[in-house]
2 protein chains.
Amino acid sequence: MGAEAATTNMTASQLYAALKRDLIDGRFTAGQKLAITVLRQRYGVGLSPLRETLNRLAAYGLLEQENQRGFRVPALKRAELDDIADLRRRLEGLALAQALQAGGDEWEAGLLAAFHRLKRADETPGQLEHWEQMHLQFHRHLLEPCGSAWLLRFIEQLHDQFDRYRRMAPANDTIRETLNLQHGQLVELAMARDVPAARALLEEHIRLSHEVARGACREDQTRPEEGD
Amino acid sequence: MGAEAATTNMTASQLYAALKRDLIDGRFTAGQKLAITVLRQRYGVGLSPLRETLNRLAAYGLLEQENQRGFRVPALKRAELDDIADLRRRLEGLALAQALQAGGDEWEAGLLAAFHRLKRADETPGQLEHWEQMHLQFHRHLLEPCGSAWLLRFIEQLHDQFDRYRRMAPANDTIRETLNLQHGQLVELAMARDVPAARALLEEHIRLSHEVARGACREDQTRPEEGD
DNA sequence: CCATAGTAAAAAATCGATTTTTTACATCAT
DNA sequence: ATGATGTAAAAAATCGATTTTTTACTATGG
């Protein structure tokens with residue numbers, strides 16, 4: 001499977017970041033059981049830091065921890081994606097309204113910069129990983145000054161969950177183009193401090209992404225089976 | 001400090017529950033650094049399950065994990081309590097509106113039962129731990145059928161955070177009485193499916209609790225100091 | 001006298017081995 | 001032939017010891 005199997009030793013926080021990204025990127029089969037021994041070799045770490053990382057990721061919601069039966073990659077469930085997307089839409093709507101009221105000059109400057117980097121990444125194909133990073137940073141920056149650390153925390157968590165589906169889904173170039181345009185429009189509405197319009201657009205943006213992400217869900221959704 | 005230091009061996013999930021409750025109950029000093037060796041003896045467990053539990057609790061937000069410097073009980077910050085309470089109010093408002101639309105007969109029956117148990121606990125002083133449990137179950141049951149597992153998850157998390165402050169705060173019998181009355185009124189409005197009124201009452205309920213919980217915050221809030 | 005570098009003690013993190021639990025398989029009884 | 005029971009292999013969880021990192025103290029130089 002993976003080509004990222006480095007025997008290089010990693011620190012605990014690096015391991016957490018690496019495993020988290022591999023999960024969101026869909027480098028493990030959904031529903032798959034994770035064999036500790038395999039992971040140990042794959043990431044070149046010992047048991048303790050690995051198990052601690054798995055525990056953290058389970059608490060975060062990117063892994064499922066079964067009683068005394070180890071860890072498992074969560075299955076992709078259409079109903080759960082709908083839940084995640086709906087909630088994400090509502091929470092980001094709240095956060096955006098507050099961000100537009102609270103964001104200052106410094107924030108505007110940063111937003112323009114983040115958008116610029118994202119647009120550059122749009123135009124440069126083949127750099128998927130870089131685009132993903134710029135995209136995440138753009139959305140993060142947009143809501144940053146909303147004033148609620150906990151709201152931002154939950155939004156980030158939902159975003160990670162959502163991305164796991166989105167990145168599993170087949171590409172849709174038509175929608176993708178619209179989504180890219182919306183980023184620019186979001187910047188304009190944000191600078192104009194047009195709360196209702198910006199909020200409506202962001203919610204529409206998430207709805208469209210939701211449509212794309214749905215492609216990750218198999219139609220037959222009645223399988224409590226193993227994934228290996 | 002603790003009188004719950006049992007040398008009895010515990011399973012990992014029991015340890016998680018015990019440590020979580022001790023944190024929410026305020027049995028550790030806020031801001032305190034947790035010495036692994038001490039915890040090992042206090043709960044009668046080995047290193048691995050203990051460290052895994054600490055990692056989970058840190059991911060959940062009930063502990064802070066510093067780079068290579070172990071774990072620390074988060075300080076009680078007034079600004080954070082305000083954030084938690086405000087967000088809790090908004091999220092529970094959302095959830096209640098949906099729950100009133102979706103809840104069926106079975107839910108109504110369970111709500112009445114949960115309220116009954118809570119009222120019994122109100123009238124029986126000295127059983128603080130039991131009351132806390134009934135109180136949590138009542139609020140949990142109220143929002144249960146809202147239809148969003150992730151929303152419920154976040155609400156639970158905020159509730160735990162909030163309770164850590166509330167249980168540190170000095171008792172306020174006047175407000176406490178009002179809060180108890182509101183539980184009954186909530187049941188009535190919920191059964192009547194009066195969404196706006198129920199929602200307004202629940203939000204007021206949280207606002208009042210917030211006032212009480214504020215008593216946990218020291219007035220001088222400019223101390224990044226050690227706590228031991 | 002204060003600051004800085006070095007050193008020793010303490011704490012945290014990691015490792016490899018042991019113990020416990022689960023799962024798969026085969027045997028026996030119905 | 002099917003289901004239940006016991007056994008062996010595999011996997012997960014836990015333990016105690018080792019290694020690494022941090023912190024507190026001391027001595028030395030400015």
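The chains referred to below are lettered A, B, ... by the order of the sequence lines, with proteins before strands, and numbering in each begins at 1.
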Practice prompt. Kindly say if A/K33 contacts the phosphate of D/dA11, meaning a side-chain N or O under 4.0 Å from OP1 or OP2.
Written response: no
Practice prompt. Could you note down all residue pairs passing salt bridge (charged side-chain N to carboxylate O under 4.0 Å, His left out) where residues 129-147 of chain B supplies at least one of them, sequence neighbours left out?
Written response: B/E129-B/R167, B/E132-B/R166, B/E132-B/R167, B/R140-B/E156
Practice prompt. Give the rounded distance in Å between these two atoms: CZ of B/R51 and P of C/dA11.
Written response: 15 Å
Item to complete: Check DNA chain D against residues 57-71 of chain B and give the residues with a non-hydrogen atom under 4.0 Å, in numerical order.
Response: B/Q68, B/R69
Worksheet entry | Rounded interatomic separation in angstrom, taking CG from A/L50 and C1' from D/dA11 | 14 Å
Item to complete: Give one of base, sugar-phosphate or nothing for A/L47, where a contact means two heavy atoms less than 4.0 Å apart.
Response: base
Fill in: Pair B/D86 + B/R89: basic N to acidic O under 4.0 Å
yes
Fill in: Short side-chain to backbone donor-acceptor contact, A/H141 and A/W107, under 3.5 Å
yes
Response to the item:
note: A/R72, atom CZ; C/dT22, atom C1'; distance rounded to Å ~ 13 Å
Item to complete: Figure out the OH/P separation between B/Y16 and D/dT14, and round it to whole Å.
Response: 15 Å
Practice prompt. Using a strict 4.0 Å threshold on nitrogen-to-oxygen distance, state whether A/R153 and B/D83 make a salt bridge.
Written response: no
Discussion item. In this structure, how many angstroms lie between the P atom of C/dA13 and the CG atom of B/L39, rounded?
Written reply: 12 Å
Fill in: Whole-Å distance separating the CD1 atom of B/I36 from the C1' atom of D/dT22
14 Å
Worksheet item: What is the distance from CG of A/L54 to P of D/dA12, rounded to the nearest Å?
Response: 10 Å
Worksheet entry | Which nucleotide in C/dC15, D/dA12, D/dG16 has an atom nearest any side-chain atom of B/R40 | D/dG16
Item to complete: Please identify each residue that fulfils ring-ring contact (aromatic ring centres under 6.0 Å, His included) with B/H210, with sequence neighbours left out.
Response: none
Fill in: Toward the 5' end of DNA chain C, by each residue's nearest nucleotide, B/A35 or A/S48
B/A35
Worksheet item: D/dT14 C1' sits how many Å from B/N55 CG, rounded?
Response: 16 Å
Worksheet item: Just wondering, do B/Q137 and B/Q133 contact through their side chains at under 4.5 Å, heavy atoms?
Response: yes
Worksheet item: Do the ring planes of B/H139 and B/H135 sit parallel (below 30°), tilted (30 to 60°) or perpendicular (above 60°)?
Response: perpendicular
Item to complete: Select base, sugar-phosphate, or nothing to describe what B/L34 touches, counting heavy atoms under 4.0 Å on all strands.
Response: sugar-phosphate
